[in-house]
Amino acid sequence: QVQLVESGGGLVQAGDSLRLSCAASGNTICISAGGWYRQAPGKERELVASITSSGSTNYADSVKGRFTISRDNAKKKMYLQMNSLKPEDTAVYYCNADLYACRSLLRAGYGYWGRGTQVTVSS
């Protein structure tokens, strides 16, 4: 069964940077479109950034100019570069993606979720 796995979270100070990565288990699944979400304690999960299959991106107002979503050229990984982190960015970050088989280009599924990675920003 295909799984999405996030990595790169951690504890940082305000103003620091982190880069989150998301990839499907195995090495044969690619990401067509997807997004990064976050959920802080007591709050609903919110969309932080998204990228379409053609590479167009969109960001929540709260992260515009600080965060950048991207994919690698092979489309096997999706990233979230987070700069100038603030304490209010503290949350569990999840990736969500539509997947396809890299070689055959056949759709592998829509809307897969990772288990999340914790980002904590201290003041």
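Worth knowing before you read on, the calculation uses all heavy atoms, side chains too, and leaves out hydrogens, waters and symmetry mates. No experiment lies behind these values; they were computed from the predicted model shown.
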Which pairs pass salt bridge (Lys or Arg N to Asp or Glu O under 4.0 Å) with one or both residues in [range], sequence neighbours excluded?
range	answer
residues 70-87	none
residues 30-39	Arg38-Glu46, Arg38-Asp89
residues 90-111	none

At what distance, to the nearest 0.5 angstrom, does [atom1] of [X] lie from [atom2] of [Y]?
X	Y	atom1	atom2	value
Glu6	Gln118	CD	CD	12.0 Å
Phe67	Thr57	CZ	OG1	14.0 Å
Tyr59	Ile51	OH	CD1	7.0 Å
Arg115	Leu4	CZ	CG	11.5 Å
Leu80	Tyr93	CG	OH	7.5 Å
Ile29	Cys102	CD1	SG	6.5 Å

Query raised in the report: Can any side-chain N or O of Ser25 pair as donor or acceptor with the backbone N or O of Gln3 at less than 3.5 Å?
Result: yes
Query - Short side-chain to backbone donor-acceptor contact, Thr90 and Val121, under 3.5 Å - result: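 Yes; at least one donor-acceptor contact below 3.5 Å.
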Requested in this report: Please name all residues satisfying ring-ring contact (aromatic ring centres under 6.0 Å, His included) with Tyr37, sequence neighbours left out, ordered by chain then number.
Outcome: Trp113
Query raised in the report: What residues join Tyr79 in its hydrophobic cluster, counting side-chain heavy atom gaps under 4.5 Å, either direct or through other members?
Result: none
**Report entry** Heavy-atom pair with the smallest gap, counting every atom of Ala14 and Ser123
**Finding:**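 In this case the closest contact between Ala14 and Ser123 is CB-CA, 4.4 Å.
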**Report entry** Residue pair Gly35 / Met78: nearest heavy atoms and the distance that separates them
**Finding:** O-CE, 3.6 Å
Query raised in the report: Considering residues at least two apart in sequence or located in another chain, which fulfil the side-chain hydrogen bond (donor to acceptor under 3.5 Å, both in side chains) criterion with Asp61?
Result: Lys64
